[in-house]
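In what follows, a structure is listed as structure tokens, so that the remarks can point back to it.
Counting starts at 1 for both ligands and their atoms, in listed order.
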Amino acid sequence: TYKTHARIDGPLVMIGFGSIGRGTLPLILRHIDFDRDQFTVIEPSSEYAGLLAEHGIKHLQLALTEANFAETLRSLFPNGQGFVVNLSVDVDSIELMKLCQTLGVQYIDTVVEPWPGFYFNSPLPNAERTNYPLREKVRALGKSYPGGPTAVSCCGANPGMVSWLLKEALLRLAADTGVKADPKTQADWALLAMTLGVNGVHIAERDTQVSARPKPQGTFVNSWSVDGLLSEGYQPAELGWGTHEKKLPPNGHKFKSGPGYAIWIDRPGADTRVRSWCPDVGPQFGLVVTHNESLSIPDYYTVWDGPRALYRPTCHYAYHPCPDAILSLHETNGAGKLPENKHILTADEITEGGDDLGVFIYGHAKGAMWYGSRLTIAEARALAPYQNATGMQVTSAVLAAMVWVAENPRMGFVEADEMDHARCLEVQRPYLGRIECHYTDWTPLQNRINRFAEDRDDSDPWQFTNFLAV
Ligand code: NAD
């Protein structure tokens with residue numbers, strides 16, 4: 001028997017039934033009370049139609065487009081109540097969020113996804129292919145709907161759960177360094193990060209999941225959406241820009257408009273490496289793939305002195321994907337064209353490994369700390385069906401966010417940083433394996449094989465240019 005955390009009344013519509021949608025299904029069935037005949041999945045593929053039929057869930061086999069999405073969703077939500085869980089690719093999140101406000105329906109997604117045409121073959125200049133304008137658009141739109149039906153933007157594992165882990169980590173760091181902390185508001189949290197002397201945060205991930213089959217040449221293999229990784233991986237690298245940073249990285253640019261909490265680099269995130277650190281392996285390369293949390297965290301943790309940012313941490317993803325995905329990216333970068341064949345590793349074929357996903361917080365009194373979830377494939381398999389360790393960290397965050405939305409139905413637009421991290425982690429924790437805290441004296445100036453020319457700032461190890469491997 002599983003604990004029911006919340007009830008959702010009215011139609012429940014999941015958009016997209018890919019690796020994350022399938023993994024989220026058993027968690028919804030376990031922990032959320034709803035009427036089975038009100039559950040519809042919109043998914044163009046018939047591949048998993050059998051699974052939906054088995055669970056008695058309606059399958060609307062259709063791809064949402066600019067032309068049909070409004071009419072389709074209107075017909076599914078006739079009574080001004082219900083819930084949309086958007087786990088698709090190629091469906092415009094902002095359009096869905098607007099429509100859900102009109103329909104009186106709660107909403108959650110895991111990424112600000114645009115209609116097709118944004119990620120590839122776009123006429124837009126690189127500055128406009130970043131996530132900054134997408135997020136700014138969501139934030140501006142949110143101001144029109146105060147107290148509207150709750151709409152959570154970007155809440156999976158990352159973006160999502162990592163914002164909750166960051167809060168837990170900051171409280172832990174405060175306790176371990178004797179700093180009094182009882183943050184309640186956004187300003188309190190930002191002040192706490194500043195008081196602790198946090199220069200920056202990596203979303204530091206190491207995925208070690210492997211299968212017994214060597215990666216076939218020409219097939220892009222990943223542990224979650226291949227389309228998702230390619231889309232964000234070939235946007236420009238992007239990061240929250242801390243107030244301690246002395247100089248922009250090569251080809252780095254500030255944004256010309258808006259609050260300016262981030263910068264972008266004129267090269268793909270999937271080909272931009274930083275030195276980072278995860279438990280188990282220690283020092284490693286991570287990729288600066290752009291993500292919403294690289295923007296929401298620096299924005300949330302800015303301490304303002306009038307119009308001037310007094311304090312802000314640097315923040316970015318430092319992603320070490322699974323070995324097959326590293327090889328796939330290497331192949332794709334070399335070939336200079338998108339792969340034709342794609343494959344997502346399933347829980348059944350993965351033989352070993354797991355996913356370590358956490359926050360690496362640096363520059364404070366104890367040097368650096370990694371705080372996060374360490375989940376093996378064996379643990380994930382035992383916890384719930386249809387997913388690997390990576391999926392489990394994402395789907396349990398979706399579950400936690402759905403519960404929080406059901407408990408807080410009229411908050412308007414929110415991001416993970418603005419939710420109750422303790423409540424969300426309470427729901428999610430049983431699915432995260434071990435939550436571990438590791439301190440380390442590692443800095444990006446350590447660990448070199450021989451000496452080569454590099455842009456080094458020995459006076460401050462925590463400069464972004466020291467992390468960046470050019
Ligand atoms: P996936 O590629 O396995 O599945 C995506 C699904 O969307 C597919 O089944 C596809 O048929 C469906 N789809 C495509 N076009 C559609 C349309 N027009 N209308 C409706 N459905 C459509 O991807 P996934 O691994 O399940 O990931 C789903 C989404 O979640 C992606 O956008 C991904 O970037 C995001 N994601 C976020 C996180 C996070 O931590 N925040 C983690 C993993 C994935």
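- Residues Phe69 and Trp115 bring their aromatic ring centres within 6.0 Å.
- Among Glu43, Gln393, Glu47, Arg22, the residue whose heavy atom lies closest to atom 6 (C) of ligand 1 is Glu43.
- The protein non-hydrogen atom at the shortest distance from atom 18 (N) of ligand 1 is Leu64 O, 2.9 Å.
- Polar contact with ligand 1: present for Asn158 (N/O pair, distance under 3.5 Å).
- At a heavy-atom distance under 4.0 Å, only side-chain atoms of Val91, from C-beta outward, approach ligand 1.
- Using a 4.0 Å cut-off to heavy atoms of Leu87, the atoms of ligand 1 that qualify are 28 (C), 29 (C).
- Looking only at protein heavy atoms, the nearest one to atom 26 (O) of ligand 1 is Ile20 N, 2.8 Å.
- In this structure, atom 43 (C) of ligand 1 lies nearest to the protein heavy atom Trp224 CE3, 3.6 Å.
- A cation-pi arrangement is not found for Arg22 relative to Tyr386, the charged atom failing to lie both closer than 6.0 Å to the ring centre and inside a 45° cone about the ring normal.
- Of the protein's heavy atoms, Thr110 O, 3.1 Å lies nearest to atom 41 (N) of ligand 1.
- Residue Pro159 has at least one N or O atom closer than 3.5 Å to an N or O atom of ligand 1.
- Of the candidates Gly228, Pro44, Gly16, Ala63, Pro44 brings a heavy atom nearest to atom 22 (C) of ligand 1.
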Quiz item: Would Tyr261 and Phe255 satisfy ring pair (Phe, Tyr, Trp, His ring centres under 6.0 Å), going step by step from the backbone distance to the final call?
Solution: CA-CA 9 Å; Tyr261 45 75; Phe255 288 99; 8.0 Å; no
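- Atoms of ligand 1 found under 4.0 Å from any heavy atom of Glu113, numbered from 1 in the order shown, are 32 (O).
- Checking Val394, Val398, Asp227 against atom 42 (C) of ligand 1, the nearest heavy atom belongs to Val394.
- In this structure, Trp404 has its ring center no closer than 6.0 Å to that of His421.
- Residue contact check: Gly156 has heavy atoms under 4.0 Å from atoms 39 (C), 40 (O), 41 (N) of ligand 1.
- Between Leu62 and ligand 1, not a single N/O pair is under 3.5 Å apart.
- Considering backbone and side-chain atoms alike, Ile15 places every N or O at 3.5 Å or more from each N or O of ligand 1.
- What you find for Arg312 and Thr302 is that their closest heavy atoms are NE-OG1, 3.0 Å.
- Counted by atom type alone, Tyr145 and Arg410 present zero donor-acceptor pairs between their side chains at under 3.5 Å.
- Scanning all protein heavy atoms for the shortest distance to atom 3 (O) of ligand 1 gives Ser19 N, 2.9 Å.
- Donor-acceptor pairing under 3.5 Å is lacking for the side chains of Asp33 and Thr4.
- With Thr314 contributing its side chain and Gly242 its backbone, the two residues share a donor-acceptor pair below 3.5 Å.
- Taking every non-hydrogen atom of Ile344 and a distance limit under 4.0 Å, the qualifying atoms of ligand 1 come out as 3 (O).
- The ligand atoms of ligand 1 that sit less than 4.0 angstrom from a heavy atom of Val111 are 32 (O).
- Here the heavy atom of the protein found nearest to atom 15 (N) of ligand 1 is Val89 O, 3.3 Å.
- Among Ser225, Ser46, Gly18, the residue whose heavy atom lies nearest to atom 23 (O) of ligand 1 is Ser225.
- Among the candidates Thr110, Val414, Val398, Val85, the single residue satisfying the side-chain contact (heavy atoms from CB on, under 4.5 Å) test with Val152 is Val414.
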Practice problem: Let me see the working for Phe467 and His202 under ring pair (Phe, Tyr, Trp, His ring centres under 6.0 Å), right down to the final yes or no. | Solution: CA-CA 10 Å; Phe467 285 105; His202 288 180; 4.6 Å; yes
Quiz item: Between Phe83 and Tyr107, does a ring pair (Phe, Tyr, Trp, His ring centres under 6.0 Å) hold up when you go through it step by step?
Solution: CA-CA 6 Å; Phe83 206 120; Tyr107 173 88; 8.7 Å; no
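- At least one donor-acceptor pair under 3.5 Å links the side chain of Trp164 to the backbone N or O of Ala416.
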